[in-house]
2 protein chains.
Amino acid sequence: MLSEEDKFKEYLESKNLKFTPERQAILSRVFANPKHFEADELLVDLRLNKLRISKATIYRTLSLLVKSGLLREVIFGERHAHYEQVYGNEHHDHLVCNNCGKIIEFIEYRIEKLQDEVCRKNKFEPESHRLQIQGLCEDCTKKDDNKIKKK
Amino acid sequence: MLSEEDKFKEYLESKNLKFTPERQAILSRVFANPKHFEADELLVDLRLNKLRISKATIYRTLSLLVKSGLLREVIFGERHAHYEQVYGNEHHDHLVCNNCGKIIEFIEYRIEKLQDEVCRKNKFEPESHRLQIQGLCEDCTKKDDNKIKKK
DNA sequence: ATAGCTGCAAACGATTTGCACCCGG
DNA sequence: CCGGGTGCAAATCGTTTGCAGCTAT
C-alpha cells in the first residue's frame, strides 16, 4: 500500500495540483496520531509544532484530503465538522456519549450487509454511509443522576 | 394518542412555557404536510399562509418542538439542519441521493436490532441514532455519465 | 402582575472567498 | 514562466442573543 503522502501526491498530480510545504505539513500532522479532530484543533496542533499555516489553507487542504479519500468527515449534529483518517483503516461507525463526549468506534459487518440489502431493494447505488448512536457510555450511565452538562 | 397540539401543550405546561399564537401557527404548518424541511422553507411556507413570524421565533420554536419529541433533526453533512416529524411516525433511516437530493426513507428492524446488540456489548445506553446512506438513486444512476451537479 | 414572548438587529462561529503577492513544476 | 497556492481580511450563512416593548396565564 502507498504511504499517505504518496497517495496524496498521486491525487494532487491527477488534478494538476501542487504538493506544497503547507500541504505536506498538514498531512503529516493529520496522520501523526490517529484521532478525531476538528479544524481548530489541527490549527493548534500545527502551532505547537511551530507550523504557522493560515486557517484558510487548513480548510482548503482538509477539503482536498477528503476528496482524495484520505480523510472523511464524521460526527455531525454540531455545527462544525470533525475528521478522521480513512486510508488504511477499516470502515467503522460511532457511539457518541451525550454526557462526556466520548466516542467509541465499532465495526459490525452484519449491519453493513443489511445496508447493502436495503440499497439493492431501492435500486440505490451507495457511495458512503454514516451511522452514529447517541446515548450514555458506561461511566456516564453510572453517574446517571448527574445533570447532563452541555459542553 | 394525543394530537400534536395536545402533546406540545403538555410539554409547554410541564416546562411552564406558553402556548402562543406564533407557536400554534408554526406547529400547524409543520404538521400540515409530512415532509423534510429546513428553517427557511418553513419561513416561506408561513409567509405563503399569511403568517408573518420572525426567524428568531421560528428557530426558538423548532428547538422546542425537538425537545418535546415532536420533531427530530435529520440529514446532516450540510451546514444547516433539516427536520422531520417523529411523533406518531415509525423510526426510519434515509438514503440520500448525492445528485438530485432525493431522500428515500426506509425501515429495517434487523439493523435496529443489531444496533441494540452493539450497544449492549459496549455497555452503552442508546438514546437515539441516525443512519444515512449517501449515493445515487435509481434515476440518477441511469444518467450516470452526467456531471454531478452541486446544488 | 409578571414570567415568559416576540421582532429586530446585532452578534456569532465555522467556513469560504477576493485579492495581491508568491512559488512549485 | 505561469497556473495554482498562500495569508489576510472581509464576506457568507445558518443560527443565536440582547433588548425593549408585548401577552398569555
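What's counted below: heavy atoms across the whole structure, side chains too, no hydrogens, waters or symmetry copies. Order of the sequence lines sets the chain letters (A, B, ...), proteins ahead of strands, with each chain counted from 1.
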- Task: Look only at the side chain of A:R23 and the backbone of A:K18, and say whether a donor-acceptor pair between them is shorter than 3.5 Å.
- Result: yes
- In residues 6-22 of chain B, which ones come under 4.0 Å of DNA chain C, going by heavy atoms? B:N16, B:L17, B:K18, B:T20, B:E22
- Task: Check the distance between C:dC5's P and B:Q24's CD and give it to me in whole angstrom.
- Result: 16 Å
- Where is the tightest heavy-atom contact between B:V86 and B:G69, given as atom of each residue plus distance? CG2-O, 3.1 Å
- Note on the structure: Double-helix bend of the helix from C:dA1-D:dT25 to C:dG25-D:dC1, axes at both ends from 5 pairs, round to 10°, gives 40°
- Query: Which part of the nucleic acid does B:R52 contact within heavy-atom distance under 4.0 Å: base, sugar-phosphate only, or nothing?
  - Reply: sugar-phosphate
- Task: Fit a plane to each ring of A:H94 and A:H92, take the angle between them on a 0 to 90° scale, and name the class: parallel (under 30°), tilted (30 to 60°) or perpendicular (over 60°).
- Result: perpendicular
- Query: Any donor-acceptor pair under 3.5 Å linking the side chain of B:Q85 with the backbone of B:Y87?
  - Reply: no
- Taking CG from B:L62 and P from D:dT16, how many angstroms apart are they, rounded to a whole number? 10 Å
- Note on the structure: When rounded to whole Å, the CG to C1' distance for the pair A:L51 and D:dG7 reads 15 Å
- Message: What is the separation between atom CD1 on A:I58 and atom P on C:dT17, rounded to the nearest whole Å?
- Response: 17 Å
- Query: Does B:Y59 have a side-chain nitrogen or oxygen under 4.0 Å from the phosphate oxygens OP1 or OP2 of D:dT16?
  - Reply: no
- Message: Could you see if B:Y11 belongs to whatever hydrophobic cluster contains B:L27? Use Ile, Leu, Val, Met, Phe, Trp, Tyr and a side-chain cutoff under 4.5 Å.
- Response: yes
- Gap between atom CD of A:E138 and atom SG of A:C97 - 0.5 Å precision: 11.0 Å
- Item | Spatial distance of atom CD (B:E5) from atom CZ (B:F19) [nearest 0.5 Å] | 4.0 Å
- Which atoms form the tightest heavy-atom contact between B:A25 and B:I53, and what is the distance? CB-CD1, 3.9 Å
- Distance, rounded to the nearest Å, where B:R60 contributes CZ and D:dG18 contributes P: 11 Å
- Interatomic distance, B:I53 CD1 vs D:dC22 P [rounded to whole Å]: 19 Å
- In whole angstrom, what separates A:I26's CD1 from D:dG5's C1'? 12 Å
- Under 3.5 Å, side chain of B:E13 to main-chain N/O of B:E10, donor-acceptor pair present? no
- Closest to the 5' end of DNA chain C, once B:S54 and A:A56 are matched to their nearest nucleotides, is B:S54
- Note on the structure: Whole-Å distance, B:R79 CZ to C:dT17 P, equals 9 Å
- Item | Any B:R23 side-chain N or O less than 4.0 Å from OP1/OP2 of C:dT6 | yes
